[in-house]
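Written below as structure tokens is the structure these notes are about.
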Amino acid sequence: MTQPVTTPRPACDPATELDVRFRAAIRAVIGTEVDPQIRPSGNAKFGDFQVNAAMALAKERGTNPRALAEEILQSADLADIAEKCEVAGPGFVNVTLTRACIERALTKLSMSETLGVPAPTDPHAVVVDLCGVNVAKQMHVGHLRATIIGDSLARVFERLGRKVWRENHLGDWGLPIAMTLAKLLREKADFARLTLDDLNHAYRGAQRETSTADLDAAYEFHCGPHRIAEFEVQYEPARIAMEDAKKTLVRLQSGDTEIVRRWERLIEVTMEQVYEAARTLHVKVGPENNRGESFFRDRLGGVVEAFAKSGLAKSDRGAMVVPFADRERPLLIQKSDGGFLYATTDLAAVRFRTYELDGSLVVYVVDARQRDHFRDVFDAARTIGWNKTSDGAESTLVHLGFGAVLGPDKKPLKTRSGENFTLKDLLDEACERGTAEVTRRAADPNAPTHGLPSSELAKIGAAVGIAAVKYADLSGDLTKDYVFDLDRMIAFEGDTGPYLQYAHARIASILAKSGETHAAIVAAPFALSEPAEKALALHLLRYAQMALDVGRTLETNRVGLYLRTLAELFNAFYQSCPVLKADDATTRLARLRLCAMTRAVLADGLSLYGIVAPDRM
RNA sequence: GCCCCGGUAGCUCAGUUGGAUAGAGCACCCGCCUUCUAAGCGGGUGGUCGGCGGUUCGAAUCCGCCCCGGGGCGCCA
């Protein structure tokens, strides 16, 4: 867990400067270097920033916190940046920055290509395991989370300047796929014209046909021989189907070209829905991200061998297991029949991701129910030393276990008809409702969208609908179960994706109507005369820190929280500060520049969620 | 039985990692469009932060014990 790198700090953020100065002041007073705990003030009446370190330090040293705060403040050199500093309450130091200081920082921010995000100190890659579909299965709403959370994190790390690998660990290998394949072959299916529904149907059919649940139960409960014989006759077709499936699996594993070709076709058909969903969702997942279970098939024997050789695995009841000192149940890496398990594949994947992809951070975006499994896999990987990059740097393995998606009744989501809600159903509905709403509003002759062709309205509608879905999902606590309510998700008022898009569209509209060139706007000096302008500016300056925080904590909801606050502050500014009809030309240009800066940050923040920001809506 | 994750306004959720008077949205009530998009803004009603105890200047946040809900526990993935 120890990251040797010092956390970079955003140069544009005044908090960085305050941190430097108060760190020095504290060192001057107590002789040691500690975190001064600079925080944005919770309440504007206390100033812009607060320094919280004095109280904790006073406790340690058994001195008076207010007196210590006073001492720190006296030795802090703030003349050029603060207009007011004072000790308040039990020992807070409140700092109000000068207008010039904030304007300088803002100017710096507007010239930064990365919106103030510092270059990464860790040269290694970040690997994000996302999506996780299974061949022959429909994408359901759970895949929405695994896909958009993973994509959003990938985008955040790209913004932080890291090399990112999006890994789609498809379930494309093993008996279930062989069963489906065998059934399709028995039914002489036309592989050239297969649809996902055909695959899904075959998959379910194969599951039913090979099910021997009653027979298994009869053995388990030691039913009489007569009863068992009865079941055996009844289940003869299931036995035959299973035998067929196993033969198909052997042919697949041994590389039978005919079978492999058909298997590839199954994957192709399955993945087309993934790519389509990815396009709709503005998620960067394509064929280049496919690295499924089959990719690791030749490495599984090596995994077991490595663990056996190092003495970390032992034989137990005919199977190979990795025992742990602190828990009863071991990790099973090879079945008694010699077959491998998903833990084996996951271990091979860990090794690949740290050593070959050079990931110093590997994030698994997989639902929370697999928490125990990943704990075991990661611990096993650590004990054998596979949590290392190619140059020996330590790699952090994280399972980001997200909560289940529930219906309004708090049970797994269903449609009205009781069928499982597929991802496609959800996205279609979102785009449809978004388009209906945009079209309805465009009917108003005063609407900026009035008169646009319906294709354009549909484009905006889809952006709005998808924004609603993504924002609702990403802006909450990822680890919690979450109640899916389309009516609330596609709402256009309040704390929603469209609320953010709306703020962006308002800014775009102002900039377009100003008649000024981008060059003229960027050349104008900032002038923060109103409180609403200052509040907006201070929040813009925090963007980089927010991005760094998301990289550190993997909490995508911080992006949403930041953007909602930004939009609120912009709306407050919009309400109280006329831009195009400002009192004078200088103020007009200064406000236009503030608008341009806000727009850039808002659009960049939305891009961290993969949300499109239309200029009109 | 063991382990993990939750419990905050009527509903859905935030809460910047221990900070100042616990905040939004929906719903409900009042106000703001001859002025840059009212998908907006301002105000109001609404709280035993599951319960009890502890740690300290300070707890929704940390520690302990309970209550309630969800999930996971060897040859499926």
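Everything quoted here is computed from the prediction, not taken from an experiment. In what follows, chains carry the letters A, B, and so on, assigned in the order in which the sequence lines appear, proteins first and then strands, with residues in each chain numbered from 1.
- The residue A/M617 sits close to a base: some heavy atom pair falls under 4.0 Å.
- Listed by chain and number, the residues in a side chain to side chain donor-acceptor pair (under 3.5 Å) with A/D379 are A/R327, A/R382 (sequence neighbours excluded).
- Applying the salt bridge (Lys or Arg N to Asp or Glu O under 4.0 Å) test to A/D129 and every residue at least two apart in sequence or in another chain returns A/R353.
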Practice task
Going 5' to 3' through nucleotides 19-31 of chain B, assign each nucleotide B (protein heavy atom under 4.0 Å from a base atom), S (under 4.0 Å only from sugar-phosphate atoms) or - (no protein heavy atom that close).
Solution key: BBB--SSS-----

For nucleotides 1-7 of chain B, list the nitrogen or oxygen atoms of the protein found under 3.5 Å from its nitrogen or oxygen atoms, one pair per line.
residue, atom, partner, partner atom, Å
B/G7, OP1, A/K480, NZ, 3.2

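- A sub-4.0 Å separation between OP1 or OP2 of B/U37 and a side-chain N or O of A/K513 is present.
- Looking at residues two or more places apart in sequence or on another chain, you find a salt bridge (Lys or Arg N to Asp or Glu O under 4.0 Å) between A/E209 and A/K183, A/R186.
- Both A/Q575 and A/Y342 sit near RNA chain B, but only A/Q575 has its closest nucleotide nearer the 5' end.
- Near RNA chain B, meaning a heavy atom under 4.0 Å from it, residues 497-510 of chain A has A/Y499, A/Y502, A/A505, A/R506, A/S509, A/I510 in order of number.
- If you check every strand for non-hydrogen atoms under 4.0 Å, A/N557 touches sugar and phosphate atoms only.
- Identified under the ring-ring contact (aromatic ring centres under 6.0 Å, His included) test for residues 313-342 of chain A, with sequence neighbours left out: A/Y342-A/H373.
- Under the Watson-Crick or G-U wobble criterion, with both distances below 3.5 Å, B/G69 is paired with B/C5.
- A/E71 meets the salt bridge (Lys or Arg N to Asp or Glu O under 4.0 Å) test with no other residue; sequence neighbours excluded.
- A salt bridge (charged side-chain N to carboxylate O under 4.0 Å, His left out) check over residues 48-66 of chain A, counting only residues at least two apart or in different chains, returns the pairs A/D48-A/K534.
- Residues that satisfy the side chain to side chain donor-acceptor pair (under 3.5 Å) test with A/T587, not counting sequence neighbours, are A/D584.
- Within the shown strands, B/G31 is the pairing partner of B/C41 under the Watson-Crick or G-U definition, both distances less than 3.5 Å.
- With sequence neighbours excluded, the residues forming a side chain to side chain donor-acceptor pair (under 3.5 Å) with A/D615 are A/R599, listed by chain and number.
- For the atom pair A/I177 CD1 and A/S294 OG, the distance stands at 9.0 Å (nearest 0.5 Å).
- Here salt bridge (charged side-chain N to carboxylate O under 4.0 Å, His left out) pairs that include residues 490-512 of chain A, with residues two or more places apart or in two chains, are A/D495-A/R564.
- For the pair A/T553 and A/N571, both in contact range of RNA chain B, the more 5′-proximal nearest nucleotide belongs to A/T553.
- In textbook terms, a nucleotide whose glycosidic angle is within 90° of 0 is syn, while B/C5, being further out, is anti.
- The side-chain contact (heavy atoms from CB on, under 4.5 Å) test with A/Y562 singles out one residue from A/D549, A/N557, A/V601, and that residue is A/V601.
- Of the candidate nucleotides B/U35, B/U16, B/C76, B/C76 has the atom lying nearest to any side-chain atom of A/K335.
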